[in-house]
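Take a look at the structure below.
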Amino acid sequence: MSFTSKLIDWYQSNKRELPWRARKDPYAIWLSEIILQQTRIEQGLKYYEAFIETYPTVFDLAKAEEEDVLKLWQGLGYYSRARNLHHTAISIVETHKGIFPENHSGLMKLKGIGDYTASAISSICYNEPQAVVDGNVYRVLSRVFGIFTPINSSQGAKEFKTLAQKLIDTKQPGEFNQALMEFGATHCKPQNPGCEHCVFSSTCVALKKEFVMQLPVKTGKTKVRKRYFNYLVLVSDDEKTILEKRTEKGIWKNLYQFPLIEKENSSKITFEEVEKCFPEIEIDSVTVHNEIPLTHKLSHQHLQIQFWVASTAALGEKGLPISKINELPVPIVIHNFIVDFSF
DNA sequence: AATCCGGGGAA
DNA sequence: TTCCCAGGATT
């Protein structure tokens with residue numbers, strides 16, 4: 001029996017019930033695929049439900065404010081996905097009359113949709129034989145076929161796409177794609193794969209040669225930048241504070257945070273620095289909230305963060321009622337502080 | 001071809 | 001700690 005037949009058979013008796021599998025309309029599939037980029041199903045599931053509930057159609061999403069979309073996305077990370085999601089919803093409504101492109105190349109033109117997502121949507125919704133290649137596919141194919149080409153190289157990307165394309169079930173490409181990913185996610189796992197009772201045990205090259213744990217091959221290691229953040233938590237007598245929008249490129253674009261003083265090292269900020277930050281405001285006192293900086297790890301940055309609580313009589317124009325801060329999208333580390341501090 | 005972009009769960 | 005997750009955009 002062929003690889004493809006074995007895989008489809010395995011899928012039919014092992015697939016999980018997931019909400020987006022109950023439908024084939026491009027809006028739901030698109031939404032689920034964007035949410036699931038670099039995100040485990042268990043983590044993305046709640047967000048999918050919330051988005052479908054809040055924005056049932058692409059028209060509802062297009063009508064929304066970006067700030068509200070980011071608020072619903074809060075905590076999921078990679079926020080450019082949310083900004084592009086909103087941007088593309090508007091684009092589909094305004095220039096495609098609310099109708100999604102119905103093939104791979106048309107989908108590829110949309111912001112936030114690359115080869116993987118275009119393949120997923122076109123295969124599931126339109127039965128177009130486009131093979132998806134995600135982390136699961138790299139792992140399964142590299143093991144079963146014994147491929148040592150690094151998956152994070154341009155040659156590897158081409159090689160695995162070509163192989164998956166050769167294997168795809170052209171009669172049911174969407175089922176094949178989901179089967180391959182499901183098999184990688186639940187059976188051919190990175191750690192403790194179920195090799196002892198596997199439908200490919202008789203032909204798997206990695207299993208026969210005992211290379212399973214060496215595959216897939218991934219080269220290089222990501223360099224991590226250290227940064228030192230000092231957040232100024234202003235608190236006025238009339239229960240207001242200040243949150244600012246991050247508008248520059250980089251992490252957390254268009255999310256809100258307390259006024260930030262970034263330093264080159266772990267040296268502490270001074271009262272004078274705080275005053276210089278707000279020339280028009282009379283600061284009464286500044287006390288550190290966490291003496292020991294908390295470490296917040298991102299994929300390319302390690303942030304050492306200290307919160308400083310600054311008391312003042314009034315905040316003027318920029319003052320935001322503390323009762324309203326939970327309406328704004330914030331990085332999870334800011335959210336955690338707000339919950340813990342409880343003003 | 002490299003680098004950037006989050007947060008969380010598992011071992 | 002380290003790895004990696006239904007990747008894509010930018011440089």
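Lettering follows sequence order; numbering is per chain, from 1. Small disclaimer: the values here were computed from a predicted structure and weren't measured. All values below come from the heavy atoms of this structure, side chains included, with hydrogens, waters and symmetry mates left out.
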Taking for each residue the nucleotide of DNA chain C bearing the nearest heavy atom, is the 5' side occupied by A:K297 or by A:R21? A:K297
Spacing between A:K249 atom NZ and B:dT3 atom C1', to the nearest angstrom: 12 Å
Roughly how many Å is it from OH in A:Y79 to C1' in B:dG7, rounded to a whole number? 7 Å
Distance, P atom - from C:dG8 to B:dG8, rounded to whole angstrom: 22 Å
Pairwise 5' ranking along DNA chain C for A:K218 and A:Q38, keeping only the more 5' one: A:K218
Counting distance only, does the side-chain N/O of A:R246 pair as donor-acceptor with the main-chain N or O of A:K253 below 3.5 Å? no
Using links of under 4.5 Å between side-chain heavy atoms of ILVMFWY residues, direct or through other members, which residues join A:I242 in one cluster? A:L232, A:L234, A:I261, A:I269, A:F271, A:V274, A:F278, A:I281, A:I283, A:V286, A:V288, A:W308, A:L315
Remember a base hit wins even if backbone is also touched, and classify A:E42 as base, sugar-phosphate or nothing at under 4.0 Å, heavy atoms. nothing
Atom CZ of A:F229 to atom P of B:dG6: distance rounded to whole Å? 11 Å
Taking atom types as modelled and ignoring hydrogens, do the side chains of A:E33 and A:Y116 form a donor-acceptor contact shorter than 3.5 angstrom? yes
Does CD in A:E196 sit with more than 12 non-hydrogen atoms of other residues, nucleotides or ligands closer than 6.0 Å? yes
If you assign each of A:R81 and A:N152 to its closest nucleotide in DNA chain B, which residue comes earlier from the 5' end? A:N152
B:dG9 C1' sits how many Å from A:K46 NZ, rounded? 11 Å
Heavy atoms under 4.0 Å, any strand shown: does A:T39 hit a base, just sugar-phosphate, or nothing? base
Between P on B:dG8 and CD on A:Q37, what's the gap in Å once rounded to a whole number? 18 Å
What are the bounds, 5' to 3', of the part of DNA chain C that sits under 4.0 Å from heavy atoms of chain A? C:dT1 to C:dT11
At 4.0 Å (heavy atoms only), tell me whether A:G220 reaches a base, stays on the sugar-phosphate, or touches nothing. nothing
Look at all strands and tell whether A:D115 reaches a base, only sugar-phosphate, or nothing, counting heavy atoms closer than 4.0 Å. sugar-phosphate
Kindly point out which of B:dG6, B:dG7, B:dT3 is positioned nearest to the side chain of A:I332? B:dG7
Rounded distance in Å - CG (A:L294) to C1' (B:dG7): 14 Å
Under 4.0 angstrom, heavy atoms only, what part of the nucleic acid is A:W73 near: base, sugar-phosphate, or nothing? nothing
Is the number of heavy atoms from other residues, nucleotides or ligands within 6.0 Å of CD (A:E248) greater than 12? yes
Select base, sugar-phosphate, or nothing to describe what A:I35 touches, counting heavy atoms under 4.0 Å on all strands. nothing
Does atom NE2 of A:H87 have more than 12 heavy-atom neighbours, drawn from other residues, nucleotides or ligands, at distances under 6.0 Å? no
If you measure only the distance, is there a donor-acceptor pair under 3.5 Å linking the side chains of A:T186 and A:N14? no
Any A:H296 side-chain N or O less than 4.0 Å from OP1/OP2 of B:dG6: no
Can you tell me the distance, in whole Å, between the CZ atom of A:R225 and the P atom of B:dG6? 12 Å
Counting any heavy atom closer than 4.0 Å, what does A:S153 reach on the DNA or RNA strands: base, sugar-phosphate only, or nothing? nothing
Of all heavy-atom pairs between A:Y231 and A:F258, which one has the smallest distance, and what is that distance? CD2-O, 3.2 Å
Taken to the nearest whole Å, OH/A:Y78 to P/B:dG6 is 8 Å
